[in-house]
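The next block holds one structure in the form of structure tokens; read it before the comments.
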Amino acid sequence: MTSTKPSSAEKSTESAPAAALHAGTSDPRTLILNNLRQSGIFVALVVIVALFAFLTDGLSLSPGNITNIVLQYSYILVLAIGMVIVIIGGHIDLSVGSVVALTGAVSAVVVIRQGQPWWVGVLAALAVGLAVGAWHGFWVAYVGIPAFIVTLAGMLLFRGLTLRVLDNISLSPFPTEYNQIAAGFLNGLLGGDGFDAFTLLIGGIAVAGYVVSCFRTRVARIRYQQPVESFVLFVARMALVGGVVMWFAWQLAHARGLPIVLIILAALVLVYGLLTRRTVFGRQVYAIGGNLSAAMLSGVKVRTVNFWIFVNMGFLSAVAGIIFSSRSNGAQPAAGNMFELDAIAAAFIGGAAVTGGVGTVVGAMVGGLIMAVMSNGMQIMGVDQSMQSVVKGLVLLVAVAFDVYNKRRAAGASR
């Protein structure tokens with residue numbers, strides 16, 4: 001008599017979702033220690049938010065101030081997305097501040113000086129950003145000059161071009177449509193009594209998407225017998241993140257509604273999160289930064305990947321340039337000054353490794369938010385600008401030291 005019992009592989013596949021409800025292969029302490037680089041930055045963000053909420057008597061968490069943080073630091077977060085990909089690939093880009101200035105200047109000349117429609121200025125800025133990225137990518141990927149030198153030259157070159165394009169003067173104002181990119185809000189689309197219902201709906205959709213994504217990831221990890229947290233901790237994490245997101249949406253809904261720039265930023269985070277984690281290009285970037293020789297022996301087209309890394313950085317610099325010029329309602333020769341350092345700091349604070357091969361888009365966002373909350377909180381408290389720079393420098397130094405500590409700890413554990 002032939003047995004009809006399912007095979008062990010079939011049982012494993014069929015029972016994976018059920019196992020996801022009961023598996024618990026790691027306790028909280030083990031999970032935190034095994035993911036110290038990522039878990040540490042989330043803890044740091046919570047501590048910093050709580051600290052400045054206490055020091056400012058809750059003013060830093062007011063609806064108006066939450067909205068201001070989104071508006072004031074959105075372009076840094078956009079740059080951080082591109083910068084973390086550059087750093088994962090084992091490079092650095094010192095020119096992004098100058099590219100922000102140049103793309104904003106080109107847009108201003110096209111729209112303000114030449115009287116073209118606002119969207120023509122946006123397309124012109126994006127084209128310039130892509131051209132700058134291709135310029136950098138050519139020298140780094142095909143000529144073989146280190147990215148540090150190429151982008152240092154680019155920082156000087158494109159700052160000079162910005163001065164030439166603007167004739168050393170500022171241009172303003174942009175038309176209302178262009179200004180709405182960084183200063184506009186979606187409010188009242190679904191009504192609401194004293195709040196914007198549409199903003200809450202978007203927040204709810206974001207939470208639902210996050211829960212579904214995390215559950216699918218959990219099921220996949222269990223199927224391949226990888227460690228996960230217990231189901232109780234899993235639910236607690238979903239509830240905590242969902243609560244934070246809905247609280248954030250509630251604050252925005254009670255201010256001016258959903259900022260258009262936040263929609264742009266969320267779309268970029270989603271797209272680049274998928275690009276780095278789910279595509280061949282993303283895996284190749286990690287491979288190049290993690291072990292260049294192994295990547296070459298594996299057949300990765302290193303030159304092509306490096307070229308597109310910098311083209312992408314140029315594109316995101318242009319997006320940041322458009323957002324910054326829109327918020328400033330004009331273009332200035334000194335725009336973008338020190339933006340590259342803020343973007344680099346966001347990537348490193350967010351868990352990127354100095355030697356490449358490590359980092360995430362979400363981590364860079366958290367790192368950027370840490371910088372944004374600190375800067376905003378110190379401004380509310382009236383802290384002198386010089387002291388703000390001192391604090392930012394110390395935070396960056398501690399973040400890199402934390403990365404070095406993680407490497408030594410991992411090396412010691414492997415012996």
Side-chain angles (χ1 to χ4, degrees), residues 12-13 16-17 19-20 23 31 34-35 37-39 41-42 77-91 130 133 137 141 202 205-229 234 237-238 241-242 245 262-292 294-296 298-316 319 346-347 350-353 356-369:
S12 174
T13 302
L31 286 168
N34 289 345
N35 300 277
R37 178 184 277 111
Q38 289 300 320
S39 60
I41 59 172
F42 288 104
L77 297 179
V78 171
L79 290 175
I81 295 173
M83 189 63 72
V84 76
I85 295 174
V86 171
I87 292 173
I88 291 170
H91 306 291
L130 290 171
I202 295 299
I205 293 173
V207 171
Y210 175 75
V211 170
V212 171
S213 176
C214 288
F215 186 80
R216 292 180 61 185
T217 301
R218 179 184 176 85
V219 171
R221 289 176 67 89
I222 292 174
R223 181 175 290 122
Y224 291 101
Q225 299 181 353
Q226 296 177 350
V228 296
E229 72 268 52
F234 175 75
R237 177 161 62 92
M238 297 299 98
V241 172
V245 172
L262 183 60
I263 298 174
I264 297 173
L265 182 60
L268 290 174
V269 171
L270 179 62
V271 169
Y272 281 95
L274 294 174
L275 178 71
T276 53
R277 292 185 292 110
R278 303 290 178 86
T279 67
V280 174
F281 176 79
R283 290 192 292 270
Q284 289 177 339
V285 172
Y286 279 98
I288 291 172
N291 192 323
L292 178 59
M296 295 176 67
S298 300
V300 175
K301 296 181 179 179
V302 175
R303 289 183 174 180
T304 302
V305 174
N306 281 334
F307 176 80
W308 286 107
I309 285 174
F310 282 94
V311 171
N312 177 69
M313 187 71 254
F315 168 76
L316 289 175
V319 174
V358 176
T360 63
V361 170
V362 173
M365 293 298 96
V366 175
L369 287 174

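Any value given below was found using the heavy atoms of this structure, including those in side chains, with hydrogens, waters and symmetry copies removed.
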- Message: For Ala364 versus Ala80, what's the shortest heavy-atom pair and its separation?
- Response: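 Closest pair (atom of Ala364, atom of Ala80, distance): CB-O, 3.9 Å.
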
- Mind listing the closest non-hydrogen atom pair of Gly89 and Ile309 along with its distance?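 Scanning both residues, the minimum pair turns out to be CA-CD1, 4.3 Å.
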
Just so I know, are the side chains of [X] and [Y] near enough to count as touching, which here means a heavy-atom distance under 4.5 Å?
{"X": "His91", "Y": "Phe310", "answer": "yes"}
{"X": "Thr360", "Y": "Val84", "answer": "no"}
{"X": "Val269", "Y": "Ile81", "answer": "yes"}
{"X": "Ile85", "Y": "Met313", "answer": "no"}

- Item | Separation of Lys301 NZ from Met296 CE (nearest 0.5 Å) |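 One finds 13.5 Å between CE of Met296 and NZ of Lys301.
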
- Query: How long is the span from the CG atom in Leu77 to the CG atom in Leu262, to the nearest 0.5 Å?
  - Reply: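 Here the interatomic distance stands at 9.5 Å.
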
- Task: Please confirm whether the backbone N or O of Ala294 pairs with a side-chain atom of Ser298, one donor and one acceptor, at under 3.5 Å?
- Result: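 Yes, Ser298 side chain to Ala294 backbone: donor-acceptor pair under 3.5 Å.
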
- Task: Enumerate the residue pairs fulfilling side-chain hydrogen bond (donor to acceptor under 3.5 Å, both in side chains) with a member in residues 274-292, sequence neighbours excluded, ordered by first and then second residue.
- Result: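 Output for this query is empty, none listed.
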
- Message: Please determine whether side chain to side chain contact (heavy atoms under 4.5 Å, CB included) holds for the pair Val245 and Tyr210, giving the CA-CA distance in whole Å, both sets of side-chain angles, and the decisive distance to 0.1 Å.
- Response: CA-CA 10 Å; Val245 172; Tyr210 175 75; over 6 Å; no

- Task: Could you please spell out the steps behind the side chain to side chain contact (heavy atoms under 4.5 Å, CB included) verdict for Val302 and Leu292?
- Result: CA-CA 8 Å; Val302 175; Leu292 178 59; 3.8 Å; yes

- Query: Near Arg216 CZ, under 6.0 Å, is it more than 12 heavy atoms from other residues, nucleotides or ligands?
  - Reply: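 No - once you tally the heavy atoms of other residues, nucleotides and ligands closer than 6.0 Å, there are 12 at most.
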
- Item | Identified side chain to side chain contact (heavy atoms under 4.5 Å, CB included) counterpart of Val285 within the set Leu275, Val305, Asn306, Val280 |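 By the side chain to side chain contact (heavy atoms under 4.5 Å, CB included) criterion, Val285 pairs with just one of Leu275, Val305, Asn306, Val280: Val305.
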
- Task: Evaluate the side chain to side chain contact (heavy atoms under 4.5 Å, CB included) criterion for residues Leu316 and Leu79: first the C-alpha distance (whole Å), next the side-chain angles of each, then the deciding distance (0.1 Å), finally the verdict.
- Result: CA-CA 6 Å; Leu316 289 175; Leu79 290 175; 5.6 Å; no

